[in-house]
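For reference, the structure is listed below as structure tokens.
One is the number of the first residue; the rest follow in order along the sequence.
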Amino acid sequence: MFLLQPRFLLPVAATFGFVGLAIFVVSGRDFAFDTTLVMLFRDAADPSLPIGPAWVREMMRDLTALGSFVGLGIATVIAALTLRLCGYRALAIGLVVNVLAATAASTLLKLAFGRERPDIVEHAALTFTASFPSGHAFLSAVVLLGIAGFVGIASRRADIARLCLWIAWALIIAIGVSRIYLGVHWPSDVLGGWCLGVAWSGLAIFLIGRYAARTEAEMVQATTARGEPAI
């Protein structure tokens with residue numbers, strides 16, 4: 001049954017996960033694992049410093065930059081242009097609209113929850129907004145899973161779809177972990193961002209994918225009716 005398929009169950013489970021985390025954040029309760037996980041990434045002798053040599057800290061800053069507005073914006077533009085040039089106009093437009101809507105939602109949610117950033121360690125990166133949900137975690141999931149999903153739809157090949165999905169998840173996890181490592185997010189912020197991103201992208205891929213398929217079918221019918229060869 002469709003309702004029992006992972007592509008349906010995972011976004012539903014993610015939705016409940018986000019709602020549960022949001023309720024705890026609004027209630028003002030503390031997550032026991034938040035402080036523990038943040039401190040795991042800190043030097044025991046000097047908690048102001050993340051663990052590892054300087055090059056690890058620089059690598060984490062590079063990874064976190066991939067989930068910034070600039071990094072994800074570049075990825076979105078490249079993917080949208082590629083889809084458009086390959087003839088998938090509906091998917092290209094859908095990708096851009098999806099990312100813009102998610103960016104607006106991220107800003108509004110941060111303003112609504114207004115959670116403070118971690119104050120138990122020194123931040124190793126600059127921050128400008130509230131903490132929950134993590135914008136890097138949420139938007140990286142929306143953008144990267146969206147790109148993977150749309151490329152899978154366009155390619156019509158399961159192996160390409162799986163490869164894109166695995167690459168997307170590897171980057172999403174790395175970006176999320178980098179936010180905790182740098183001390184700019186509580187782990188629950190990142191988890192909340194991941195849950196919301198999975199739920200959002202699952203719905204977006206389903207709706208935009210169906211719309212693109214319908215649009216493509218209508219174009220083929222129109223071309224056939226004119227007596228032109230279908231491409």
If you take all heavy atoms of [X] and [Y], which pair is closest and at what distance?
X      : Y      : result
Gly152 : Ala161 : CA-CB, 3.8 Å
Pro133 : Gly192 : CB-C, 4.2 Å
Val142 : Ala102 : CG1-CB, 3.7 Å
Ser188 : Leu21  : O-CD1, 4.2 Å
Ala80  : Ala92  : O-CB, 3.3 Å

To the nearest 0.5 Å, what is the distance between [atom1] ([X]) and [atom2] ([Y])?
X      : Y      : atom1 : atom2 : result
Thr35  : Ile120 : OG1   : CD1   : 4.5 Å
Ile153 : Ile205 : CD1   : CD1   : 6.5 Å
Leu163 : Arg157 : CG    : CZ    : 10.0 Å
Asp34  : Ile180 : CG    : CD1   : 8.5 Å
Lys110 : Arg115 : NZ    : CZ    : 10.5 Å
Thr82  : Arg84  : OG1   : CZ    : 12.5 Å

Stepwise side-chain contact (heavy atoms from CB on, under 4.5 Å) check, Leu72 with Val99: CA-CA 9 Å; Leu72 295 177; Val99 172; over 6 Å; no
Phe33 atom CZ, neighbour heavy-atom count above 12 within 6.0 Å: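 Yes - once you tally the heavy atoms of other residues, nucleotides and ligands closer than 6.0 Å, there are more than 12.
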Partner residues of Glu116 under the side-chain hydrogen bond (donor to acceptor under 3.5 Å, both in side chains) criterion, sequence neighbours left out: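 For Glu116, no residue satisfies side-chain hydrogen bond (donor to acceptor under 3.5 Å, both in side chains) once neighbours in sequence are set aside.
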Parallel, tilted or perpendicular: ring planes of Phe31 versus Phe24, cut at 30 and 60 degrees: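 Taking Phe24 first and then Phe31, their aromatic rings sit tilted (interplane angle of 30° to 60°).
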Is the backbone of [Y] close enough, under 3.5 Å, to the side chain of [X] for a donor and an acceptor to pair up by distance?
X      : Y      : answer
Tyr88  : Ala154 : yes
Asp189 : Trp186 : yes
Ser201 : Gly197 : yes
His185 : Ser131 : yes
Arg57  : Gly52  : yes
Tyr181 : Arg42  : no

Worked verdict on Phe69 versus Ile74 for side-chain contact (heavy atoms from CB on, under 4.5 Å): CA-CA 8 Å; Phe69 288 121; Ile74 291 173; over 6 Å; no
Does a side-chain heavy-atom distance below 4.5 Å link [X] with [Y]?
X      : Y      : value
Met60  : Pro50  : no
Pro118 : Val184 : no
Arg117 : Thr129 : yes
Leu145 : Leu165 : yes
Leu40  : Ile51  : no
Leu196 : Leu109 : yes

Stepwise ring-ring contact (aromatic ring centres under 6.0 Å, His included) check, Phe18 with Phe138: CA-CA 11 Å; Phe18 175 76; Phe138 170 46; 8.1 Å; no
Contact list for residues 95-108, test side chain to side chain donor-acceptor pair (under 3.5 Å), sequence neighbours left out: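 Checked against side chain to side chain donor-acceptor pair (under 3.5 Å) - neighbours excluded - the pairs reaching residues 95-108 are Asn98-Trp200.
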Test item: side-chain donor near acceptor, Ser178 and Arg61, under 3.5 Å: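 Result is no, nothing qualifies.
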Same apolar cluster: Val96 and Ile147, side chain cutoff 4.5 Å: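 Different hydrophobic clusters.
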Step-by-step side-chain contact (heavy atoms from CB on, under 4.5 Å) determination, Asp46 to Leu49: CA-CA 6 Å; Asp46 186 1; Leu49 294 175; 3.5 Å; yes
